[in-house]
Amino acid sequence: MPELPEVETTVRGIAPHVEGQVIRQVVIRQPQLRWPVPVNLPEILPNLTIRSVSRRAKYLLISTDAGTIILHLGMSGSLRILPKEKPADKHDHIDFIFNNGTILRYNDPRRFGAVLWTTSSPAGHDLLKDLGPEPLSSDFDGMHLYRLSRNRKAPIKSFVMDGHVVVGVGNIYANEALFMAGIHPKRHAGRIALARYQLLADCIKTVLHSAIEQGGTTLRNFVNEAGNPGYFKQQLRVYGRAGQPCPHCLRPLTEIRVTNRSTVFCVNCQH
DNA sequence: TTAATCACCTGAGGGC
DNA sequence: TGCCCTCAGGTGATTA
């Protein structure tokens with residue numbers, strides 16, 4: 001399930017293969033994703049050169065001179081580079097075929113992802129314009145969280161997972177960062193002091209940096225651009241470890257639901 | 001305005 | 001072995 005580190009890993013992986021390449025053909029096998037894939041992509045994209053591959057939140061932005069492909073991996077999506085034509089597997093929904101024969105293939109079993117096209121600045125797109133800061137940027141710090149959280153009664157875990165507050169903190173990394181910061185996931189966001197928010201912001205950055213270095217998290221069906229799994233799961237300290245000993249105090253980790261999301265924490269270490 | 005819930009979708013895993 | 005059911009989860013839309 002791609003979270004920000006997985007998307008970043010994907011961006012870094014595919015960029016060297018597609019930047020500067022000219023699109024020869026687009027094959028859409030399944031247009032019904034989260035939103036319908038624009039049916040005219042096969043007419044629009046051929047002969048356009050990929051200028052850059054970047055990321056905003058969990059959206060991949062593949063830029064050309066005529067516009068930008070906005071791509072989201074959803075819950076189960078992946079992109080991989082194929083050096084030459086290969087028969088499509090199940091759930092291989094879209095191929096971007098380049099003049100040099102390379103194929104960028106989009107696979108998404110659950111079809112929660114999206115492939116869209118915009119000719120305007122992607123930053124102004126409806127999906128991107130109201131998003132919060134990037135967690136690894138200097139715009140994101142404890143003061144930012146503290147300011148936005150005043151008078152908020154939502155659980156801190158829901159608060160940090162809100163893309164209007166900060167982007168890219170999904171369920172796995174919210175669990176990990178809150179454990180690292182020693183904050184109870186159900187604590188009201190508005191009742192956390194600035195010093196604890198400064199610690200939490202640092203923990204979010206640390207967890208995400210570490211995951212990116214490891215190449216993302218391997219859960220179920222995440223694979224990177226080469227079809228290899230990430231390795232961060234081996235370093236998860238609480239997520240998926242309910243009932244196992246807390247890495248700090250050795251008491252059993254507890255699993256609860258916070259706004260309908262699986263949440264694992266230590267009742268002894270997190271307050 | 002805020003918080004919670006729903007909907008989308010399919011594969012994995014457990015129970016029988 | 002096979003069928004059925006539940007769960008997992010990102011995020012926009014909807015509801016309270």
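Note that this is a predicted model, so its numbers are computed, not measured. Residue numbering restarts at 1 for every chain, and letters A, B, ... go by the order of the sequence lines.
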Is A:Phe112 stacked on the base of B:dC8 when the test is centres under 5.5 angstrom and planes under 30 degrees? yes

Nucleotide C:dT11, atom P - distance to NZ of A:Lys157 in whole Å: 13 Å

Remember a base hit wins even if backbone is also touched, and classify A:Ser262 as base, sugar-phosphate or nothing at under 4.0 Å, heavy atoms. sugar-phosphate

Using whole Å, what does the distance between atom P of nucleotide B:dC8 and atom CG of A:Asn260 come to? 16 Å

Tell me which nucleotide among B:dG11, B:dA4, C:dG12 gets nearest to the side chain of A:Trp35. C:dG12

Whole angstrom is fine here: how far is it from CZ in A:Arg261 over to P in C:dA8? 10 Å

Could you tell me how far apart A:Arg257 (CZ) and C:dC7 (P) are, to the nearest whole angstrom? 8 Å

For a quick test of reading the model: is some side-chain N or O of A:Tyr173 closer than 4.0 Å to OP1 or OP2 of C:dG10? no

Taking only Lys NZ, Arg NE, NH1 and NH2, and the carboxylate oxygens of Asp or Glu, determine whether A:Arg80 and A:Asp89 approach each other closer than 4.0 Å. no

Are there over 12 heavy-atom neighbours, none belonging to A:Asn47, within less than 6.0 Å of that residue's CG? no

Between A:Phe98 and A:His17, ring centroids under 6.0 Å: no

Taking atom P of C:dA8 as reference, at what distance in whole Å does atom CE of A:Met75 sit? 11 Å

Nucleotide C:dG10, atom C1' - distance to NE2 of A:His72 in whole Å: 6 Å

Minimum side-chain heavy-atom gap A:Val167-A:Arg56 below 4.5 Å: yes

Of A:His91 and A:Arg34, the one whose closest nucleotide on DNA chain B sits nearer the 5' end is A:Arg34

What's the CZ-C1' distance between A:Arg110 and C:dA8, to the nearest Å? 6 Å

Between A:Tyr106 and A:His93, how do the two ring planes meet: parallel, tilted or perpendicular, split at 30° and 60°? tilted

So which nucleotide from C:dT11, C:dG12, B:dT2 ends up closest to the side chain of A:Arg152? B:dT2

By the 4.0 Å heavy-atom rule, please label A:Phe159 as base, sugar-phosphate, or nothing. nothing

B:dG11 OP1/OP2 closer than 4.0 Å to side-chain N/O of A:Lys90: yes

Taking CG from A:Asn171 and P from C:dA8, how many angstroms apart are they, rounded to a whole number? 10 Å

Phosphate OP1/OP2 of B:dT2: any A:Lys153 side-chain N/O under 4.0 Å: no

